[in-house]
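Values reported hereafter were calculated over all heavy atoms of this structure, with side chains retained and with hydrogens, waters and symmetry mates removed. A note on names: the letters A, B, ... follow the listed sequences, proteins ahead of strands, and every chain is numbered from 1.
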Amino acid sequence: MNRSLTFEIFRYTAILLALAVTLIPTLWMASMAFKPIAEWSAAGADLTWWPKSPTLDNFRFIFGTSTSDLIVALDRTAGKPILASLLSAVFGTLIAMTAGTAGAYGLSRFGSGQNLPLALIQLRLFPPMAVMIPVMIMWAFFGLVDTWWGLALIYGIVTLPFAFWLMKTFFDDMPREIEDAALVEGCSRLRVFMKITLPMMRPALASSALFVFILNWSDYLIALLLTTREWVTIPVYMASLSSSMTGQLYGAKAALGLIAAVPPVIMGIAIQKHLVRGLTFGALKQ
Amino acid sequence: MTAIHLENLVKRFGAFTALKTMDLEIRDGEFMALLGPSGCGKSTTMNMIAGMEQPSGGRITFDGRDMNGVAMGRRGVGFVFQNYAIFTHMNVYDNLAYGLKVRGTSASETDRRVKAMADFLQLTPMLDKPSAKLSVNILQRLAIGRSAIVEPAIFLLDEPLSNVDAAFRAVMRTELKHLQRQFRQTMVYVTHDQLEAMTMADRIAVMDHGVLQQVGTPLEVYNDPVNLFVADFIGSPGMNLLKGTLADSDRGLVIDLGALGVTAPLDPALSAVARTNGVREVVYGFRPERVVLATAGQGLAMPVTFIERIGARTVVHFGDGEQRVKAVFDNDIAVQTGETVHVAVEPRFARMFDAATGVAIREV
């Protein structure tokens with residue numbers, strides 16, 4: 001392929017633009033997280049790319065151990081919201097992945113419940129807000145409002161279609177001969193699923209779980225409606241970081257944002273090798 | 001070590017009939033090849049023997065025991081898949097040991113048998129390698145080893161060599177035959193490659209369009225095809241088939257080969273059958289290997305259109321259109337493209353088919 005110079009220039013410009021759109025806000029947030037108040041507040045003289053006098057004060061502030069001149073009384077620290085986010089997102093992901101994987105396997109292998117895929121995708125046709133009022137009423141009835149388990153449950157339900165559809169694609173791609181090979185050796189269906197199918201699906205499970213986790217982790221609206229005080233999550237807590245004196249506490253928000261970015265990044269790195277779909281299933285020649 | 005009997009076996013997938021009706025007796029310890037083009041129903045038949053598919057009609061018995069409703073894990077069959085179906089999350093050793101593990105074989109016995117099988121298939125150097133990164137040739141050995149290790153009474157192989165390279169295929173043909181001699185299993189081998197069927201099988205079942213065409217030893221199928229399909233399908237190149245009409249002459253019954261403007265004499269036995277049969281429109285068939293050069297004025301005078309040299313042998317194509325003839329000679333044959341050559345076939349090597357039904361006309 002011999003591309004023209006114009007094309008190459010255009011290509012790299014497009015790549016740089018795309019990188020700028022994603023990276024500059026992230027870098028700005030990272031930089032802001034280490035700036036003292038004078039450098040991020042409206043009162044600050046000038047905005048700079050790098051903190052002139054880097055400090056961990058923003059982090060100390062959100063965890064309630066600040067000694068600085070941020071004269072704001074926090075009614076709670078970031079510890080509980082981080083825990084709330086972790087619990088609800090992790091368990092929500094577990095629910096969605098367990099139900100989604102089981103459903104996808106059944107449908108992919110036995111073709112039962114032909115209307116299920118469409119019914120599930122319909123869940124995503126509504127804006128979540130359209131169903132949130134009834135959900136709030138139900139959750140209130142069951143005493144699930146403002147609990148991490150209530151949140152985990154709704155996260156599991158909302159992300160189930162994604163888990164299901166992703167896993168179904170992966171199961172459809174896995175050649176049935178591999179399972180037949182184990183069945184013909186006298187393995188039970190359950191044992192085949194546990195010992196052959198699931199282990200071979202590890203890459204698929206990992207990438208689907210990461211996707212579902214990120215969806216749950218970054219939810220704002222559902223948590224805003226279903227939590228009030230005890231179990232608010234990071235995004236909801238972040239929105240509350242403001243004061244009548246200084247307005248938005250950008251430094252604190254940036255510090256929290258940086259912390260919130262850690263789990264998806266760690267998970268992403270941990271399963272990086274699985275994210276490459278090149279590791280297709282089975283040594284098979286089609 | 002089990003005889004397989006297929007009785008009136010039928011398989012339909014919705015409106016499509018994959019297998020019309022099949023009766024086949026596979027003897028104890030026999031190497032039976034199911035041979036036919038894609039979509040002929042051979043794999044469907046095999047899947048029903050394995051229990052992966054349920055028959056729509058008829059029954060399958062192993063040594064007289066009806067297999068209807070018996071789960072595939074309880075039939076005592078080993079199955080080698082075309083795409084190997086290796087458990088890529090396990091290493092070579094664990095793949096080989098899998099069947100033994102499922103059966104609850106003791107660790108020491110498993111270890112002994114895995115090592116013996118690895119030795120037999122030359123897999124010993126890679127026992128602890130992850131199976132995901134092996135070459136297709138190795139994967140194929142592994143797949144065969146994984147099924148053979150439990151010493152199944154029936155060994156089913158579904159086109160196991162279609163993905164490996166040609167040189168390795170030749171090696172594996174010999175090894176599979178050895179494997180079968182060693183374990184004396186009943187082997188059913190599905191293939192579309194007649195060379196594999198010819199070289200390995202004790203008997204071949206030729207299938208087409210869901211119908212069993214002919215069952216016989218490789219030579220029976222090759223020498224005496226029961227119909228035009230088998231005649232054309234078996235052999236490379238296939239049998240020469242020329243349309244003709246039976247006519248009486250002073251030499252007795254002959255075939256008037258119409259467009260070629262010659263008549264071919266008939267073997268006395270064949271001509272006797274043809275007389276009682278009453279068919280006039282026939283197809284005259286002979287193997288390319290049976291064609292010999294004749295002196296001028298004898299046999300068929302045909303222009304050489306194309307010469308194909310395949311090493312030890314040379315395939316010469318004569319004529320074109322409807323009346324095309326192929327002949328296989330030694331590679332030192334002195335003919336040239338464009339030249340007209342006289343060729344002949346001894347009447348005893350000629351075969352005859354009913355042009356309307358395609359069925360062979362022969363002594364019974």
Side-chain angles (χ1 to χ4, degrees), chain A residues 97 101 104-106 108-112 114 167 169-209 270-286, chain B residues 43 46-47 49-53 70-90 92 94-105 129-140 142-143 146-147 149-150 152 154-156 158-159 162-165:
Chain A
M97 286 304 296
T101 304
Y105 184 73
S108 177
R109 288 295 181 273
F110 306 105
S112 42
Q114 287 299 339
M167 288 313 295
T169 323
F170 288 122
F171 281 131
D172 286 347
D173 283 356
M174 178 177 161
R176 301 184 59 159
E177 285 89 346
I178 292 185
E179 292 182 347
D180 284 338
L183 285 171
V184 89
E185 297 290 348
C187 241
S188 69
R189 203 22 109 162
L190 186 67
R191 183 163 173 181
V192 170
F193 183 67
M194 302 305 287
K195 298 280 178 179
I196 304 289
T197 314
L198 282 187
M200 291 191 78
M201 280 285 159
R202 234 178 276 150
L205 287 167
S207 32
S208 307
I271 65 169
Q272 193 187 21
K273 65 169 182 165
H274 291 325
L275 286 177
V276 186
R277 243 339 271 295
L279 278 175
T280 40
F281 314 111
L284 287 142
K285 197 162 167 177
Q286 301 291 354
Chain B
S43 287
M46 175 97 110
N47 290 346
I49 297 174
M52 256 174 266
E53 303 272 6
V70 178
M72 59 171 139
R74 301 186 180 280
R75 294 191 177 199
V77 299
F79 202 113
V80 177
F81 294 85
Q82 182 176 6
N83 57 11
Y84 323 133
I86 292 300
F87 307 137
T88 40
H89 60 295
M90 299 179 182
V92 172
D94 290 339
N95 264 285
L96 283 175
Y98 193 79
L100 297 170
K101 216 172 105 191
V102 172
R103 283 163 178 78
T105 313
K129 290 229 173 83
S131 55
K133 288 176 185 148
L134 301 172
S135 73
V136 289
N137 291 357
I138 303 288
L139 285 173
Q140 189 53 71
L142 180 53
R146 188 183 63 190
S147 296
I149 198 160
V150 295
I154 296 172
F155 206 26
L156 308 172
D158 189 0
E159 310 223 9
S162 61
N163 292 332
V164 302
D165 55 60

Contact part of R103(B) toward chain A, heavy-atom cut-off under 4.5 Å: side chain, backbone, both or neither? side chain
Side chains of E177(A) and D158(B) in contact at under 4.5 Å (non-hydrogen atoms): no
Any donor-acceptor pair under 3.5 Å linking the side chain of H89(B) with the backbone of K195(A)? yes
Is any side-chain heavy atom of I196(A) closer than 4.5 Å to a side-chain heavy atom of M90(B)? yes
I'd like to check F79(B) versus D180(A) (side-chain heavy atoms, cut-off strictly below 4.5 Å). Are they in contact? no
Please name the pair of heavy atoms, one in T88(B) and one in M200(A), separated by the smallest distance, quoted to 0.1 Å. OG1-CE, 2.8 Å
Here the gap from E185(A) atom CD to I149(B) atom CD1, rounded to the nearest 0.5 Å, amounts to 9.5 Å
Please examine the side chains of I178(A) and F81(B), heavy atoms only from C-beta on, and report whether any two atoms are closer than 4.5 Å. no
Which atoms of V150(B) approach chain A - backbone, side chain, both or neither, heavy atom under 4.5 Å: side chain
